[in-house]
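These notes are about the structure you will find just below.
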Amino acid sequence: VFESCITTINSNVIKTLTADEFAAEMVRRRKGQDAVYVRLTGLRGAAHLNGREGFLEGPDPTNSERFTVQLEAATVSVKSDNYDLVRRPKLFDAEYGDEILGYRD
């Protein structure tokens with residue numbers, strides 16, 4: 001009865017992600033599967049934020065050369081040179097679709 005409600009972790013995930021990477025992705029998914037996550041890099045005026053991860057909200061409405069990034073406790077405005085996209089791994093069998101059966105697009 002409950003089998004259809006259980007999500008199965010894909011075996012590739014167990015082989016390729018650490019427990020910390022898996023946990024970080026589960027936290028990211030609370031914001032939504034389609035949220036774009038970034039890691040701040042190269043900041044000079046706020047160097048203490050380098051390495052922090054947040055989600056990209058979009059263009060800064062007050063400065064066309066910057067984007068707003070929502071961190072855990074603050075929103076910051078940064079240039080596109082000051083963040084790297086965070087790779088979002090597939091975790092569950094349902095996300096792999098036909099790839100599980102050996103089919104590729």
Side-chain angles (χ1 to χ4, degrees):
V1 174
F2 294 108
E3 289 178 9
S4 62
C5 300
I6 297 172
T7 303
T8 305
I9 297 173
N10 186 274
S11 61
N12 289 327
V13 172
I14 296 168
K15 296 174 189 172
T16 60
L17 294 181
T18 66
D20 287 342
E21 291 167 335
F22 180 82
E25 179 58 20
M26 292 303 293
V27 169
R28 288 183 202 114
R29 288 172 181 234
R30 289 183 189 159
K31 186 65 185 165
Q33 182 71 16
D34 297 328
V36 176
Y37 276 81
V38 297
R39 186 168 293 108
L40 300 180
T41 62
L43 295 172
R44 287 183 258 168
H48 63 285
L49 297 177
N50 287 327
R52 292 269 181 97
E53 189 177 295
F55 68 90
L56 193 62
E57 290 185 328
D60 184 333
T62 63
N63 186 331
S64 62
E65 296 179 6
R66 293 176 170 263
F67 293 86
T68 56
V69 176
Q70 178 65 51
L71 302 175
E72 188 174 311
T75 300
V76 295
S77 177
V78 298
K79 295 179 182 176
S80 60
D81 292 344
N82 292 117
Y83 64 79
D84 294 324
L85 294 176
V86 173
R87 180 183 151 271
R88 301 288 306 272
K90 295 176 183 178
L91 299 180
F92 303 105
D93 282 346
E95 296 170 18
Y96 282 84
D98 289 341
E99 294 175 38
I100 284 179
L101 303 175
Y103 303 115
R104 303 253 182 234
D105 292 337

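Note that the structure is predicted; figures quoted are calculated from it, not measured. Throughout, residue positions are numbered sequentially from 1 according to the sequence presented.
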For Leu71 and Glu53, the nearest pair of non-hydrogen atoms, with its separation, is CD2-O, 3.7 Å
CZ on Arg52 to CD on Glu72, rounded to 0.5 Å:
8.0 Å
Quick check: is Val78 connected to Val86 through a chain of hydrophobic side chains (ILVMFWY, heavy atoms under 4.5 Å apart)?
no
Backbone N/O of Arg39 and side chain of Asp84: donor-acceptor pair under 3.5 Å
no
Joint cluster assignment, Phe55 & Val36, ILVMFWY side-chain distance < 4.5 Å
no
Does a side-chain heavy-atom distance below 4.5 Å link Val69 with Glu57?
no
Let me confirm one number: the CG-CG distance from Leu49 to Leu40, rounded to the nearest 0.5 Å.
6.0 Å
Rounded to the nearest 0.5 Å, how far does OH of Tyr83 lie from CG of Leu56?
4.5 Å
Checking Ser77 against Asp60: is there a side-chain donor and acceptor pair closer than 3.5 Å?
yes
Interatomic distance, NZ@Lys79 vs CZ@Arg66, rounded to 0.5 Å, equals 5.5 Å
